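Right, one structure below, let's go through it.
Here is how names work: the chains are called A, B, and so on, in the same order as the sequence lines, proteins then strands, and each is numbered from 1. Keep in mind that what you see is a predicted model, and the values were worked out from it rather than measured.
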Amino acid sequence: MSSVPDFIQEIQRKINNIQIKADGTNRYSIELTEPSKIKDLAKLLQNSGFDHVISVSGVDYPEQEKLGVVYHISSYEEGKMNIVLTLKTYVTYKEPVIDSLISIWPSAWTAERETFEDYGIIFKGHDELRLFFLPEDFDGVYPLRKSFKIKTEGIFVDRRG
Amino acid sequence: MTEEVEKILKGGLEVEIVPVEGELNVGPQHPGSGHMRIFVRLNGDIIEDVDLDVGYVHRSVEKLSENRNYIHLIPLIERPAILDSIHMNMAYIMAVEKILNVDVPPRALYLRSFAAEVNRIASHLYGMGIFGVFMGHSTAFMWGFGDREVWVEILQALTGARVTNSYILPGGVRRDITPVIMEMTEKAIKYTRRKLNDWKGIFVNNPNIKARTQNVGVMTKENAIRWGAVGPNLRASGVAFDVRKAEPYAAYDKLDFEIPVYKEGDAYARTLVRIEEIEQSMKMLEQIMREIPQGNILSDRFFKQIPPIRLKKWWEGQHRIVMPGYYASFRPPKGEAFARVEAGRGELAFYVISDGTAKPYRLRMITPSYRLIKVFRELAKGSRYADLVTIYGSLDYFPPEADR
Amino acid sequence: MKEYPKKENPFKLLGQHLEAIGTGLKYLVKPTRITLMYPEESMVLPTGYRGMIRLYKDVCIGCTLCAMVCPADAMKMVTEEGKKLPMINYGRCVFCGFCVDICPVDALKETGVHDAAFTNRRELIFDPDKFSQDFDQPPTMDKPVRKVRAKIDEKKGIVYEPDD
Amino acid sequence: MIVFPGLIFSLITLLTAIWAERKIAAKIQMRFGPYYASKRIGGYFQLIADAIKFGLAEIIVPSNSIREFFILGPILITAFAFLPMAFIPVSQIPSSGSITSPYYRFFFDKFAGISLYQPIITPYSLLFIIAVASVVPILTVMTAWASNNRFSLISAIREGILTVAYDTLIIIALISMGIEYHTLDIASIVKTGVPGIIANPIAAFVFFVALLMGTARFPFDVAEADTELVTGAFTEYSGLLFVLSMAGPYLLTFVYSLVFATVFLGGWLPLMGIPGAILTVIKALIILFFSVFMRSVYGRYRIDQILRGGWKYFFPAALLALIIGMIGGIFL
């Protein structure tokens, strides 16, 4: 485990209820227990040079009835290019709402929209929460939640007639 | 409108008069749209707004991956970009290796870089070909595909398949390079260097192409970062970012190369970046062939599991790795990994969460073209209608890769 | 960080026009063609090419590893006289060659055949008997097919040399 | 009787032009082009096969188009592209010694003082050619309007804007030649024995560029830009009408090439009679092949770039050609 750089320690001081740990070199995961604070955290990160979002992923945890929202954030600034921050937070099934970060990082636009259609996580403040990759008449179900089952086949078959 | 004109219009000339301001539906069956539909709102010749209707080739990699074993995903994740399959494969395997905690022998790392660079050249040539034909330059199209064939031939000799190579396994690669392939590569490099001169003559330095691409689709450095541009498009806007330099993987920390960066951020700069990257890739290939270390191409942990009889036949006979039965259904430990590589079109990232079963709990695949959706949308606004395809081609946006 | 020259004088521009036309004329006079005259010429594929797969029924031990590793659910195990044997659906096969690589007894082998045609989908499913037959070469058009081998050439890109 | 051989001849030229375009492009682009239909003669019959195939295909008329104009459009385009041939002298009929000599008196051009292979003898052949050929773009606009397709409409607008630009160039280039030779009769221009390209090279260059512009050859293929506008004005066409819509621009290219060959390249000189006619056609074919060769070298410019080029550089060049014509006229 490498030492945690200064900017991360500063974030830890400024925002409560977050856990920061380093996974391997140059990968830090920030776990935010209060999703309402995500915008403040994002602004802090942006001020310390993290200027783009690589991905926004949803993760489904059906047992705990919650959905994880994972932002991967990186920087094009010299010296920080190799750092990828994993910003994790959770929303519940009952209220899958979180603030959109496109006002801070417009590069999250595509991925937030996709996460909305796949998991039903509503990003407050996103300008176009419509279906994206799915067909226009796809309705009601969120395909990447674990409750959406797809058929799998076995590997043994009987000889056909 | 005078009465006379109205009379004429009533007498059989009724057509729905399309206003100057109108919506054009480009695609999905349009020569310049690719696998998607582009809603274009025009004001005269100027595009006011663009809406991309993507998803025509969506193959749901992320859902399928939760229902397949890790090994089954290798051919699946390379399908989105079959002409860039080595990179797709490599990023995924790097993420899996991080969870498995496997060390890869140096020769395998060099071979990964070798295959990746060959693939990058092929991918760039393809991209330039498509770009050319979008501007009506049919020679660039045919040359792009023809010259790419040379590199595809090398991949075929190395991996056994032309495009969907499935070459990289957790812990190493499947086949070793042979002197025959090295000789092929040397010849291909010589050929491509000669040919690039003619490419410059007929395409890159052609005043016609310059006029069509310079100052078209200009993306400033700030906008490139804001919108999330990647790869050659980002580098053409003046951001010197390349995963190969920023976070070297495979053998890139030992290779000597430069990343071409241009300031302008227009379509022409993007083309120049691609051309120069081809040159750099060829330089790297030469270095790889000179410096490739001897040794094994699969991690010892798996190599030991191969039955000795088979090892003798395949590894010593044909320089091929055969898989131990372990691969059929391995269970990596709990954990998560984020791996990224510099694919032909830009930064490609995989985020894999393992819950200790044989199938990933979650696999997130972020392809370069996926991140270009936003860029394309924003760049097209305010450009001329004829430049829509120029922007499309210069970004090297590849719909199947974006849809995944 | 580089920049390309912005303003160019008209003479240089004219020169570039002429250069473009000249390059075109050069290839018009001395064309380099890489077309393979299929079907009169047919390509011999390099060793290790991942073409269609052939089963050696007697060697197979029925371990099901091939079916387990198959990423496309193309290979399935079928019980025949008490012995488990693989059968393949070429409608699904993606020719990744994993089954060949994982087979512990080398009962599966890659052939160089990749250009086959079938009249319906049912024919694409090969049961173990059909799977273990030598694969037919593609039909020739009443004319002898020249077998050629692709070689990379420094000047012409790819040349096709007759295969002896 | 006079038109029919010309029609057959034009058809053959048309097929040759398209065949040459495909073959030239194939040679430059690392491939073979048409091949299997007739291996001995380089796949020439492929074009005939294509023509038959298109001819037998169903003609689909979109329900919301203006039916009459939709059908008439390509027919008129082809007709008006072909008509200028009637005013182009291909060669000189010798007064005796040739199998065509009996017709010497029928085709005697009093103005030039020689007898010509020219269906309609008139001292104003240049004017007639310009007049008839400039109808074609108007018909293209009509066709595009009639097919009621948005891509066609954009194409019509582009064609309309473009027409003004290149017609001006063609007219000025030809008029400057008329002034230089003191005549509007092509035969008289050829008869002087000084090819226009020597007398007024700038006019020749301007005319060639305008030829490429006017007949939608690369790099000025904006009205039919396939990656942007599908096939522009002819997007909705199928079958025989599509053949005609494709034939029209090629015929027009050939007509302009013939004009170029006669006005600027000395026509049939130094030969006369049938060999002279062949020489004229060969000269025209070289121009035609060169203009289709451009496809393999260039992409297409944008409409605003063409207009800027046309008005900012070629229009002054055309005026310069006019001045050269006036000065040169003193010596000729």
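Within the 4.5 Å cutoff, the side chain of D/M30 has no heavy atoms near those of the C/Y27 side chain.
The number of heavy atoms from other shown groups lying within 6.0 Å of CZ (D/F32) is above 12. A 6.0 Å sphere centred on NZ of C/K57 holds more than 12 heavy atoms belonging to other residues, nucleotides or ligands.
Listed in order of number, the residues of residues 295-311 of chain D that approach chain C to under 4.5 Å between heavy atoms are D/V297, D/Y298, D/Y301. At a heavy-atom separation below 4.5 angstrom, chain D is approached by no residue within residues 102-109 of chain C. Of all residues spanning residues 11-24 of chain C, those with a heavy atom less than 4.5 Å away from chain D's heavy atoms are C/H17, C/A20, C/I21, C/G24, arranged by number.
Legend: side chain to side chain donor-acceptor pair (under 3.5 Å) pairs involving residues 40-49 of chain D, not counting sequence neighbours, sorted by first then second residue: D/T16-D/Y44, D/Q46-D/D50.
Neither the backbone nor the side chain of D/Y313 comes within contact range of chain C, judged by heavy atoms closer than 4.5 Å.
Pairing each heavy atom of C/R33 with each of D/R31, the nearest pair is NE-O, 2.8 Å.
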